[in-house]
> 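Before anything else, here's the structure in question.
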Amino acid sequence: MPDILANLNPPQLAAVTLPPQHALILAGAGSGKTRVLTTRIAWLISTGQTGPHSILAVTFTNKAAKEMLARLAAMLPINIRGMWIGTFHGLCNRLLRAHHRDAGLPALFQILDSADQLSAIKRLLKNFNVDDVKFPPRELAGFINAHKEQGIRAAQAEAYDDYTRRRVELYAEYDSQCQREGVVDFAELLLRSYEMLQRNEPLRHHYQERFRHILVDEFQDTNRLQYAWLKLLSGHNAPVSRPNGACVFAVGDDDQSIYAFRGAEVGNMRDLEREFKVENVIRLEQNYRSQGNILDAANALIKNNRGRLGKNLWTDAGAGEPIRVFEGFSDIDEARFVVDEARELTLDGYTRNQIALLYRSNAQSRVLEHQLFTAGVPYRVYGGLRFFDRQEIKHALAYLRLIGNPDDDTAFTRVVNFPTRGIGSRSIEALQEAAHRANSSLYNAAASLSGKAGTAVGNFIRLIETLREETRALPLPEIIDHLIERSGLRQHYLAEKEGRERLENLDELINAATNFLHEESDTLAAQEADPLASFLAHASLEAGEHQAGEGQEAVQLMTVHAAKGLEFDAVFITGLEHGLFPHENAAQERDGLEEERRLMYVAVTRARKRLYLSYAQTRMLHGQTRYSLPSFFLEELPEALLHKINRAPAYSNNAATAPARAAVSPASGQTSANGLRIGQNVQHAKFGLGVIVSAEGRGTEARVQVNFGAHGMKWLALEYAKLAPA
DNA sequence: CTGCAGCGTTTTTTT
DNA sequence: AACGCTGCAG
């Protein structure tokens, strides 16, 4: 056996070889967190302290789970099949499949992704004649999910006003609709399995006794419910010495908590320490990733946050290069710089895979993509529209879902008239009416209402019945192939102008099913007897990393969120503008700016050798040109670490032009007599530094709109306000 | 019932 | 700029 403990530093070694007890590992960026986690598992098993059967490891993404599995396979000579390694959602799915009866679910229950959930809610509102302006579906979805993530059912939800009372009612109705349809949303997977274990003592004991070691990655991103779930499963109230109950080994970094917006509670780290009586928190502070300047910048930045658990990363790599800062005239100009620079890097020996272009929001990728495309640089965009989110895929899967579970109204409404077969909104409303009255699914209503052939609805029911019959004995990929054909999907996209890519995606779906059968039969122990159900779960829970050109060397584009856990030789953080990064919406949220800062911290710490920070004076946003100030995060970095890059003015003469105004000239034009132009930085006695965003009127009427960053957006009369160009 | 044109709204991040 | 929804003509 290779010495798996070789080359661990002292704190890493201490963490890996900790005797059986609850543990909290505070692991800074690039400190070897994943390595510690996997080595811990390997050590527990290879020293004979425990078997694979007794391990439960939770990660946040499927990718992380896969990577852990791969590393373990390399470290351990044994079969790793018995281990439960996966995301919270994946593991809960597994639990619920195995005990669907105890959980009160049908064997083939299906999983709603966020889009499905939204359409289920829209349907609900329609059924109950609820005004969807007063109760926006998105908001209601957020309300429901937030409650579930705190472990609160509608029955316990607090209704502090009439409006909320109504929302709570709708929450309850939504849950019964899901129950009737045999579907489960993301949060429900967790809450349902939590309640099942809580209610069912034998089952709970079974798993408490089985899992001796529960290991959690990215612990700072767990929500209340996930914490409670871990607590329950570990039987933490029992003393550790007792024969049942597991040791919880949690690894996290409070400075990298960037999912508070969806219910993550950094406070879970403190709670774990207190409630699980963690005796000594182990800190991993040596960073093996970034060079000194980059790390210094990250440390300086994150110091501005309050209430940290405290940690200071260090490296024994040299200082390395300075951090390069670029100010672009426009977003296009910025993108050009980034692409030029990225090309230079490849000439200097950087491989394209090792160059990442990061941004705060997905919309920003467009300009970068355009420049990359123009320059002929291969690139790959992560996130955005996922494979399983594409409409053609969702349509095909909806047919598959209906075959497995006719009560799935979400699937039903999606494809009942796609491709169009003469079932319009009128018929669907009638169906909904009937289903509502009979308290049955749309499918049942349709079947009993128009049992006789000939009607459009009757034909649709017959189509599904036939599909079910014909595919009964077929392997999964052939089922999919068959239904694409028979449902008319293929025909439909064949006729559509832009349909070629969609057809390719449908073919890719068949491939995905084939691959799924091969891969999953190895790893997932094939304990889910029904391949259809498990493939559908896979489609809901997994982003679908099948993207074209995956093998090719390409520059990597992604949001900062998506970059967490990754590292690159060279990183560009783009769009460092006030209002964009930090995002303006963040100011409204509790501790929003601190979360933005952590996001920036994550971004900075992705870089190994070279880091670029860039921003633009003007940017197209929502179809309009916006003028903004540099992000104040830039000011939080020590000047000595930065190297400002200026480019020849001729290079950036393509700034977006703003319409000419009387008192204030457009950005690209000449400066007007009073020295002001749109995009001009100005100084105000009270509000400080700002930038002119727009202007109107002339003479004594002239007013300008100025963005003062933290002081907000102001309209000022030029006659009175003393604005000095800055 | 279908398809299209025009309109308003959007957008933070995602398992 | 892009998408989804509504309203209207065919």
Side-chain angles (χ1 to χ4, degrees), chain A residues 58-65 86-93 111-115 117-119 122 126 132-133 136-138 141-142 145 148-149 185-190 217-218 221-223 225-226 257-264 331 358-367 370 382-386 388-389 391 416-430 455-457 496 537-538 540-544 558-565 575 579-589 592-593 595-596 598-600 602-603 619-626:
Chain A
V58 195
T59 63
F60 253 77
T61 61
N62 294 298
K63 207 167 137 199
T87 62
F88 276 106
H89 295 88
L91 295 168
C92 288
N93 175 48
I111 301 170
L112 299 184
D113 64 21
S114 333
Q117 184 188 33
L118 201 62
S119 66
K122 285 180 184 162
K126 213 162 229 157
D132 62 358
V133 179
R138 289 195 104 83
N145 292 338
K148 288 191 179 181
E149 278 158 9
D185 62 42
F186 280 146
E188 184 73 21
L189 281 173
L190 282 147
D217 196 8
E218 308 279 15
D221 286 330
T222 51
N223 62 36
L225 179 56
Q226 288 162 339
S257 155
I258 55 175
Y259 285 106
F261 73 92
R262 64 169 200 218
D331 50 351
L358 307 184
Y359 34 81
R360 175 65 236 267
S361 59
N362 275 313
Q364 289 167 250
S365 75
R366 185 170 290 280
V367 200
H370 181 75
Y382 289 79
L385 191 59
R386 301 139 185 271
F388 288 114
D389 284 343
Q391 65 145 313
V416 65
N417 196 34
F418 192 96
T420 51
R421 43 176 75 89
I423 304 173
S425 51
R426 205 52 172 276
S427 323
I428 293 173
E429 265 168 42
T455 66
V457 172
E496 203 176 65
H538 169 82
S540 300
L541 295 172
E542 193 124 18
M558 64 192 85
T559 64
V560 180
H561 281 91
K564 190 165 84 154
L580 194 61
F581 197 178
H583 197 277
E584 51 202 346
N585 294 3
Q588 262 68 239
E589 285 156 33
L593 285 180
E595 175 138 321
E596 294 290 308
R598 290 193 292 269
L599 203 47
M600 178 70 181
V602 167
R619 177 178 300 275
M620 279 295 268
L621 211 62
H622 308 185
Q624 293 185 342
T625 307
R626 295 229 323 200

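Quantities reported herein were computed from a predicted structural model and do not represent experimental measurements. Reminder, nothing fancy here: chain letters follow the sequence lines and each chain counts from 1. Any value given below was found using the heavy atoms of this structure, including those in side chains, with hydrogens, waters and symmetry copies removed.
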> Can you figure out which of B/dT14, C/dA2, B/dT15 approaches the side chain of A/R366 most closely?
C/dA2
> Of the nucleotides B/dC1, C/dC5, B/dT15, which one has an atom closest to the side chain of A/K122?
C/dC5
> Side chain of A/N362 only, please: which of B/dT14, B/dT11, C/dC5 is the nearest?
B/dT14
> Using a heavy-atom cut-off of 4.0 Å across all strands, would you classify A/D221 as base, sugar-phosphate, or nothing?
nothing
> What integer distance in Å separates A/R626:CZ from B/dT11:C1'?
11 Å
> Give the nucleotide from the list B/dT11, B/dG3, B/dT15 with an atom nearest to the side chain of A/R138.
B/dT11
> Measure the distance from CG on A/D331 to P on C/dA1 and round it to the nearest whole Å.
12 Å
> Please compare A/H583 and A/E149 by the position of their nearest nucleotide in DNA chain B and report the one closer to 5'.
A/H583
> Could a donor-acceptor pair under 3.5 angstrom be found where the side chain of A/H622 meets the base of B/dT11?
yes
> Base, sugar-phosphate or nothing for A/K564? Non-hydrogen atoms, less than 4.0 Å.
nothing
> Between A/M620 (CE) and B/dT10 (P), how many Å, whole number?
19 Å
> What integer distance in Å separates A/L189:CG from B/dT14:P?
20 Å
> What's A/R421 touching, base or sugar-phosphate or nothing? Going by heavy atoms closer than 4.0 Å.
sugar-phosphate
> Round to a whole Å and report the spacing from CD of A/E188 to C1' of B/dT15.
16 Å
> For salt bridge (Lys or Arg N to Asp or Glu O under 4.0 Å), just list the numbers for A/R426 and A/E429, CA-CA rounded to whole Å, side-chain angles, deciding distance to a tenth of an Å, and then say yes or no.
CA-CA 5 Å; A/R426 205 52 172 276; A/E429 265 168 42; 5.5 Å; no
> I'd like the P distance from B/dT13 over to C/dG4, given in whole Å.
15 Å
> Relative to the 5' end of DNA chain B, which residue comes earlier, A/E596 or A/T420, by the nucleotide with the nearest heavy atom?
A/T420
> Has the side chain of A/Q226 got a donor or acceptor atom that lies under 3.5 Å from a matching backbone atom of A/N223?
yes
> Between P on B/dT15 and CG on A/L91, what's the gap in Å once rounded to a whole number?
16 Å
> Is the aromatic ring of A/F261 within stacking range of B/dT13, meaning centres under 5.5 angstrom and planes under 30 degrees?
yes
> What is the distance from CZ of A/F88 to P of B/dT15, rounded to the nearest Å?
15 Å
> Answer whether the closest heavy-atom distance between the side chains of A/K564 and A/Y259 falls below 4.5 Å.
yes
> Is it the case that the ring center of A/F261 lies less than 6.0 angstrom away from the ring center of A/H561?
yes
> Starting the side chain at C-beta, find the nucleotide from B/dT15, C/dA2, B/dT11 nearest to A/S114.
B/dT15
> Consider the side chain of A/S427, meaning its heavy atoms from C-beta on, and name the nucleotide among B/dT13, B/dT2, B/dC1 that approaches it most closely.
B/dC1
> side-chain hydrogen bond (donor to acceptor under 3.5 Å, both in side chains), that's the test. Do A/S114 and A/Q117 meet it? Break it down for me.
CA-CA 5 Å; A/S114 333; A/Q117 184 188 33; 5.8 Å; no
> Please report the distance, rounded to the nearest Å, between CZ in A/F388 and P in B/dT14.
18 Å
> Rounded to the nearest 0.5 Å, what separates atom NE2 in A/H370 from atom CG in A/D331?
11.0 Å
> Contact class for A/N417 vs. all strands (heavy atom < 4.0 Å): base, sugar-phosphate, or nothing?
sugar-phosphate
> State whether A/T61 places a side-chain N or O below 4.0 Å from either non-bridging phosphate oxygen (OP1 or OP2) of B/dT14.
no
> Given B/dT13, B/dT15, B/dT2, which nucleotide is nearest the side-chain atoms of A/S361?
B/dT13
> Base, sugar-phosphate, or nothing for A/I423, non-hydrogen atoms under 4.0 angstrom?
sugar-phosphate
